[in-house]
Amino acid sequence: MYKFKIAALIRAAFFLPLLTILTACSSETEQKSGYAFITNQLANNVSIIDLEQRQVVKTIEAGSSPAGIALSGDGQWLFISNPDSQDISVISTDDLELKRHIPVGAGPVGIASNHDGSEVYVSDWYQHIVSVIDSHSGSISHEIRVGESPAGVVVDNQAKRIYVANRDDNSLSIIDQQNHQVLHTLSTGNAPFGLALSNDGQWLFSVNVQDNSISMIDTQTASIIDQFEVGEWPYCAVVSPDDTRLYVTNQYDDSISVIDLTNRQVIDEIYVGATPEGIDVTADGRHIYVANWADGTVSIIDTELNEVIETIETGEGSRAFGRFITH
């Protein structure tokens, strides 16, 4: 019975931004500690967690059903995708204030940014495109046709590449960041949703929801070199700063799979809150933050102990789909 209830919750969380459209650092302490930003999809806001205090220090109103989240490479700007209001919220990490909303297409979900936040890349679930937004003018400068129902987006600013997971095509689009053209389309596992990129840009990981697997992709050859079985209904992943571990959220199992990338095998499973979705890692690699959708909480994992050391209440429907910790 528990599994059926969780399955229903996850389907609601997954389709919420889709069905409703169809019918869906100023102080010394702040500079030292940084923040984790958590989108609360059912509360229409963003919880800001101080990493040093390990508590919510502010809540900012976003658009309708905020889901995706991205920080600019320099950490100065935060961008939120709001599927129901069909726009992007722009927040300054300096004063933690909402600066503007930028209209975008019918179904914004995944989101990422270039180094200085001047360009924002947003996957549109319904239009099957990635919109390139000029954040200064607030206008869409390019629309890039990708596969069916694009979701996760990650950027390699050094290699000038944008990677997009196309859920309903079982594929990955590789885009040239400079000319905004698709360079290559690669088949993945079944229903890729989240993506994670190693810090050296060598490996890309596709989280394949419907076959409970992770595809490990060599970005130089654009080919799958390994496949890992993880928990049930995986959603997002993040790579440790030293590129030795991959952490994967498993929604139906309420757990995190830990993959040793040196030996290429799953080495641990860590239980967190109900329906874990977004996941990110602190700059020193010591702590993993996990947004639990059904609990409205964030679990903090100690990576040396591989266990939850603290749980923080955030807001209803905590999702945090993307990279959300300042570095």
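FYI, side chains are in, hydrogens and waters are out, and symmetry mates aren't considered; it's all heavy atoms of this structure.
A 6.0 Å sphere centred on CD of E310 holds more than 12 heavy atoms belonging to other residues, nucleotides or ligands. Around CD of E229, the count of heavy atoms belonging to other residues, nucleotides or ligands within 6.0 Å does not exceed 12. Remark: E97 CD is packed, more than 12 non-hydrogen atoms of other residues, nucleotides or ligands lying under 6.0 Å away.
Side chain of N170 to main chain of A191: a donor-acceptor pair is present (N/O by atom type, distance under 3.5 Å, no hydrogens or angles). N250 places no side-chain N or O within 3.5 Å of a backbone atom of W233 that could act as its donor or acceptor partner. A donor-acceptor pair under 3.5 Å links the side-chain atoms of T314 to the main chain of G296, judged by distance alone. S72 places no side-chain N or O within 3.5 Å of a backbone atom of S113 that could act as its donor or acceptor partner. A donor-acceptor contact shorter than 3.5 Å links the side chain of T303 to the backbone of G285. Remark: the backbone N or O of A274 is paired with a side-chain donor or acceptor of D295 at under 3.5 angstrom. N82 contributes no side-chain N or O that, together with a main-chain N or O of S85, makes up a donor-acceptor pair within less than 3.5 Å. Between the side chain of N179 and the backbone N or O of Q181 there is at least one donor-acceptor pair closer than 3.5 Å. In this structure, the side chain of N44 engages the main chain of S65 through a donor-acceptor pair within 3.5 Å. The closest donor-acceptor contact from the side chain of S81 to the backbone of G68 lies under 3.5 Å.
No side-chain heavy atom of C236 sits under 4.5 Å from any side-chain heavy atom of V248. Taking 4.5 Å as the limit, some side-chain heavy atom of Y35 sits within range of a side-chain heavy atom of D50. At least one side-chain heavy atom of Q227 sits under 4.5 Å from a side-chain heavy atom of N208. With a 4.5 Å cut-off on side-chain heavy atoms, F205 and S215 do not count as touching. Side-chain contact between L96 and I48 is present, with heavy atoms from C-beta onward closer than 4.5 Å. Residues V272 and T249 form no side-chain contact, since every pair of their non-hydrogen atoms from C-beta on lies 4.5 Å or further apart. The side-chain heavy atoms of I144 and V182, taken from C-beta on, include a pair separated by under 4.5 Å. Contact of the L204 side chain with the S206 side chain is not registered, since no non-hydrogen atoms from C-beta on lie closer than 4.5 Å.
One finds the CH2 atom of W203 at 9.0 Å from the CD atom of Q220 (value rounded to the nearest 0.5 Å). Rounded to the nearest 0.5 angstrom, E61 CD and I91 CD1 are separated by 10.0 Å. Atom CH2 of residue W125 and atom OG of residue S149 lie 4.5 Å apart, to the nearest 0.5 angstrom. In this structure, I301 CD1 and D268 CG are separated by 9.5 Å, a value rounded to the nearest 0.5 Å. Atom-to-atom distance recorded for I129:CD1 and D124:CG is 5.0 Å, nearest 0.5 angstrom. In this structure, CD1 on I214 lies 11.5 Å from CD1 on I224, to the nearest 0.5 angstrom.
Look at R161 and D176 and you find no salt bridge, because none of the NZ, NE, NH1 or NH2 atoms lies under 4.0 Å from a carboxylate O.
In terms of heavy-atom proximity, N212 sits nearest to G231 at CB-O, 3.3 Å. Smallest separation of non-hydrogen atoms from P241 and A283: CG-O, 3.5 Å. When all heavy atoms of H115 and N157 are compared, the closest pair comes out as N-OD1, 3.4 Å. The shortest heavy-atom contact between T39 and A320 is OG1-N, 2.8 Å. When all heavy atoms of E119 and S135 are compared, the pair lying nearest together is N-OG, 4.5 Å. Nearest heavy-atom pair across V258 and R245 is CG1-CD, 3.9 Å.
With sequence neighbours excluded, the residues that form a side-chain contact (heavy atoms from CB on, under 4.5 Å) with D116 are D74, N114, S118. Contacts of D242 classified as side-chain contact (heavy atoms from CB on, under 4.5 Å), with partners at least two apart in sequence or in another chain: S240, T244. Legend: residues meeting ring pair (Phe, Tyr, Trp, His ring centres under 6.0 Å) with H184, ordered by chain and number and at least two apart, are absent. Applying the side-chain contact (heavy atoms from CB on, under 4.5 Å) rule to D302 yields the partners R286, H287, E304, L305, I309; only residues at least two apart in sequence or on another chain are considered. With sequence neighbours left out, H327 forms a ring pair (Phe, Tyr, Trp, His ring centres under 6.0 Å) with no residue at all.
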Quiz prompt | Stepwise side chain to side chain contact (heavy atoms under 4.5 Å, CB included) test for I111 and F321 | solution = CA-CA 8 Å; I111 189 167; F321 179 43; over 6 Å; no
Quiz item: Between S139 and D134, is a side chain to side chain donor-acceptor pair (under 3.5 Å) present by the stated rule, with each step listed?
Solution: CA-CA 5 Å; S139 62; D134 182 322; 5.2 Å; no
Self-check item: Check against side chain to side chain contact (heavy atoms under 4.5 Å, CB included), V230 and I259
Solution: CA-CA 9 Å; V230 289; I259 299 172; 4.0 Å; yes
Quiz item: Where do I162 and V153 land on the side chain to side chain contact (heavy atoms under 4.5 Å, CB included) test, with the steps shown first?
Solution: CA-CA 7 Å; I162 305 167; V153 183; 3.8 Å; yes
Quiz prompt | Step-by-step side chain to side chain donor-acceptor pair (under 3.5 Å) determination, N166 to S173 | solution = CA-CA 7 Å; N166 305 307; S173 295; 2.9 Å; yes
Quiz item: Can you check side chain to side chain contact (heavy atoms under 4.5 Å, CB included) on F37 and T326, steps first, answer last?
Solution: CA-CA 8 Å; F37 299 90; T326 55; 3.6 Å; yes
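Both I102 and V120 belong to a common hydrophobic cluster when Ile, Leu, Val, Met, Phe, Trp and Tyr are linked at side-chain heavy-atom distances under 4.5 angstrom. A continuous path of hydrophobic side-chain contacts links V57 to L98 [ILVMFWY only; heavy atoms under 4.5 Å]. Cluster membership for F79 and I140, using ILVMFWY side-chain heavy atoms within less than 4.5 angstrom, is shared. Residues Y121 and V164 share a single hydrophobic cluster, defined by chaining ILVMFWY side chains whose heavy atoms lie under 4.5 Å apart. Following chains of ILVMFWY side-chain contacts shorter than 4.5 Å, one can reach I69 starting from I300, so the two form part of one hydrophobic cluster.
The aromatic rings of Y235 and F193 sit tilted, their planes meeting at an angle between 30° and 60°.
Pairs of residues two or more places apart, or lying in two chains, that qualify as ring-ring contact (aromatic ring centres under 6.0 Å, His included) and include a residue from residues 141-176 are H142-H180.
Side-chain atoms of D94 and S92 include no donor-acceptor pair closer than 3.5 Å.
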